[in-house]
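Remember, it's 1-based here, ligands and their atoms both numbered in the order they're listed. Positions are given from 1 along the sequence.
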Amino acid sequence: MAPVNNNNVQINNNENPPTKFKVTIIGSGNWGSVASKLIASNTLKLHSFHDEVKMWVFEEVLPSGEKLTDVINRTNENVKYLPGIKLGCNVVADPDLENAVRDANMLVFVTPHQFMEGICKRLVGKIRSDAQAISLIKGMEVKREGPCMISTLVSQQLGVNCCVLMGANIANEIAVEKFSEATVGYRENREIADKWVQLFSTPYFMVSPCQDVEGVELCGTLKNVVAIAAGFVDGLDMGNNTKAAIMRIGLREMKAFSKLLFSSVKDNTFFESCGVADLITTCLGGRNRKCAEAFAKNGGKRSFDELEAEMLQGQKLQGVSTAKEVYEVLKHKGWLEMFPLFTTVHEICTGRLPPSAIVEYSEHAPKFPLVGGPTAFP
Ligand SMILES: NC(=O)c1ccc[n+]([C@@H]2O[C@H](COP(=O)([O-])OP(=O)(O)OC[C@H]3O[C@@H](n4cnc5c(N)ncnc54)[C@H](O)[C@@H]3O)[C@@H](O)[C@H]2O)c1
Ligand SMILES: O=P(O)(O)OC[C@H](O)CO
């Protein structure tokens, strides 16, 4: 049996002391590929990091019959999830999860959130005891005990410290080096947060630390539910004022929900890139918005699964499952009526309400209408 570390978690015992930081990226979707590009450009420049960056790829066979990993390593491009962008010659794609993490002491998690529980299970006992982690994943798990943020899942299952990086970060825009900002959320260790900031920062990607890991992660997670609501409004041609109202109410619910779950969450976090800026970009140009627009245009007759498969070609939505997860928490805590927007989004996604309910009073939905409803929160 593998040895355990101080957190009673199994660790990889085949370790030599590292001389430099070694980075592995777990995930190779749209954002995962852009993260690889950002990181790979920096490890070549920064002497404290190994040049080579490993990227774990969930293997798939392309229509050409070739394996995605082989194509990435031959062309230096993720032809499926980020076509047309060179990742950096020092990025090495690896379909073997264990092998990809074996020597790394900096682990970057960036997969759709629904796969993380399985990935963590596979990694128990396989990572270095001195590893640090960061999650770029916008989502959460709901367990019997209550909600579990992805950074907590990583920390608990793997016994490592886990920061988060969230922000107004539509991957395709960063891929072509358009300026944007991001927030690194950390718990206590500022030195480690600074290391992550250094690893991700480029002249076109400005990263700031924020000592509020739960606040930062909840912003990134909850904005996807508001993005679905914004998409419904677009699909119904309701205009900019309605969308602005949805964003305002959504932000209010994001803040209230976060603070009810974690009293440590800070107001100022909502003014960082991970907060209001991500909410804006996602409600204007994100994939959740786009699929929700199509859902509303079709009167809710085509499912999100169908629309996702057709419109995103393998990329994954986070907002629909997050709305379900948030709903489960609200129901369990008896908070449904305090969160009319979050509640209604889930009820529309599951076909219990029509898309137009996003701005209508309903007997099935909360007791007060969404728009113009009383301010329920402090
Ligand atoms: N794309 C963006 O613009 C963006 C920006 C910021 C944050 N994010 C967040 O980053 C996270 C990852 O998003 P993304 O855009 O990189 O991914 P994506 O939406 O492109 O998802 C596809 C990825 O999931 C993988 N996958 C499919 N089935 C799998 C399985 N069973 N197990 C493991 N992996 C599987 C695919 O191989 C592919 O790599 C999400 O939480 C997302 O919200 C995305
Ligand atoms: O395309 P979305 O809706 O998954 O959003 C992407 C990013 O989270 C925006 O910051």
Side-chain angles (χ1 to χ4, degrees), residues 25-38 55-62 67-69 72 78-83 85 93 95 97 100 108-123 134-141 149-151 153 164-176 178 180-183 200 205 216-217 219-231 234 272-293 304 308-309 311-323 325:
I25 296 156
I26 296 122
S28 53
N30 187 233
W31 182 219
S33 301
V34 177
S36 302
K37 179 187 163 179
L38 288 167
M55 179 174 79
W56 173 67
V57 174
F58 178 76
E59 190 65 287
E60 53 191 294
V61 178
L62 299 173
K67 288 183 178 159
L68 179 59
T69 309
I72 295 174
N78 188 338
V79 291
K80 174 149 183 192
Y81 295 102
L82 192 67
I85 303 291
L97 183 60
V108 178
F109 288 92
V110 54
T111 68
H113 77 279
Q114 54 270 42
F115 305 129
M116 272 306 287
E117 191 145 28
I119 288 172
C120 282
K121 277 195 185 128
R122 288 174 61 191
L123 287 179
I134 193 164
S135 168
L136 277 52
I137 299 163
K138 295 176 175 173
M140 64 184 185
E141 295 275 320
M149 303 313 298
I150 300 297
S151 66
L153 184 78
V164 297
L165 182 144
M166 307 279 141
N169 299 149
I170 290 181
N172 290 337
E173 297 179 14
I174 301 166
V176 291
K178 292 182 178 169
S180 63
E181 299 178 305
T183 314
F200 280 93
F205 194 65
V216 173
E217 193 168 3
C219 278
T221 298
L222 297 172
K223 66 85 187 169
N224 283 332
V225 181
V226 187
I228 299 281
D234 284 346
E272 298 294 333
S273 177
C274 63
V276 66
D278 196 9
L279 180 72
I280 293 169
T281 202
T282 209
C283 289
L284 298 181
R287 299 168 297 185
N288 286 288
R289 186 219 67 82
K290 185 173 154 182
C291 291
E293 179 184 40
F304 270 101
E308 178 189 70
M311 298 173 79
L312 301 186
Q313 311 281 319
Q315 294 184 37
K316 299 284 177 200
L317 287 179
Q318 304 284 264
V320 177
S321 47
T322 303
E325 286 143 10

Test side-chain contact (heavy atoms from CB on, under 4.5 Å) applied to F205 - qualifying residues, sequence neighbours left out =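 Listed in chain order: W31, L38, L165, N169, I174, S180, A182, F200, T202, V207.
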key: Q318: side chain to side chain donor-acceptor pair (under 3.5 Å) partners, not counting sequence neighbours   = H113, Q114
request  = Not counting sequence neighbours, which residues clear side chain to side chain donor-acceptor pair (under 3.5 Å) with K316? List them please.
outcome  =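 K316: no side chain to side chain donor-acceptor pair (under 3.5 Å) contacts found.
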Numbering as shown, the atoms of ligand 2 that approach [X] to under 4.0 Å (heavy-atom distance):
| X | answer |
| --- | --- |
| K138 | 7 (C), 8 (O), 9 (C), 10 (O) |
| G286 | 1 (O), 3 (O) |
| G167 | 10 (O) |
| K223 | 5 (O), 6 (C), 7 (C), 8 (O), 9 (C) |
| T282 | 3 (O), 5 (O) |
| N288 | 2 (P), 3 (O), 4 (O) |

query = Salt bridge or not for K290 and D234, using N-O below 4.0 Å?
reply = no
inquiry  = Any salt bridge linking E60 with K80? Criterion: basic side-chain nitrogen under 4.0 Å from a carboxylate oxygen.
reply    =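 Result for this pair is yes, salt bridge flagged.
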inquiry  = Counting non-hydrogen protein atoms only, what is the nearest one to atom 1 (O) of ligand 2? Give residue, atom name and distance.
reply    = R287 N, 2.7 Å
request  = Provide, to 0.1 Å, the distance between atom 10 (O) of ligand 2 and the closest protein heavy atom, together with that atom's residue and name.
outcome  =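 Residue, atom and distance for the closest contact: D278 OD1, 2.6 Å.
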query = Under 4.0 Å from ligand 2, counting heavy atoms only, is it the side chain of R289, its backbone, both or neither?
reply =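 Within the 4.0 Å criterion, R289 makes no contact with ligand 2.
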Where K138 and G167 come nearest, the two heavy atoms and their spacing =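 Minimum heavy-atom separation between K138 and G167: NZ-O, 3.0 Å.
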Under a 3.5 Å threshold, I'd like every N/O contact between ligand 1 and protein atoms, with atom names and distance.
from, atom 1, to, atom 2, distance (Å)
ligand 1, 1 (N), N30, OD1, 3.0
ligand 1, 1 (N), R287, NH1, 3.4
ligand 1, 1 (N), R287, NH2, 3.2
ligand 1, 3 (O), A171, N, 2.8
ligand 1, 15 (O), W31, N, 3.1
ligand 1, 15 (O), R287, NH1, 3.2
ligand 1, 16 (O), N30, N, 3.4
ligand 1, 16 (O), W31, N, 2.9
ligand 1, 16 (O), G32, N, 3.0
ligand 1, 19 (O), R287, NH1, 3.0
ligand 1, 19 (O), K316, N, 2.8
ligand 1, 20 (O), N30, N, 2.9
ligand 1, 39 (O), G29, N, 3.1
ligand 1, 41 (O), K138, N, 2.9
ligand 1, 41 (O), Q318, OE1, 2.8

inquiry  = Between T221 and G139 (side chain of the first, backbone of the second, donor and acceptor by atom type, cut-off under 3.5 Å), is there such a pair?
reply    = yes
ask   = Going by atom types only, do T282 and K223 share a side-chain donor-acceptor pair under 3.5 Å?
value =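 Yes, a side-chain donor-acceptor pair sits under 3.5 Å.
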inquiry  = F109 vs I134, test: side-chain contact (heavy atoms from CB on, under 4.5 Å). Steps then yes/no.
reply    = CA-CA 6 Å; F109 288 92; I134 193 164; over 6 Å; no
inquiry  = Testing N172, L312, V110 one by one against N30 for a side chain to side chain contact (heavy atoms under 4.5 Å, CB included), which residue passes?
reply    = N172
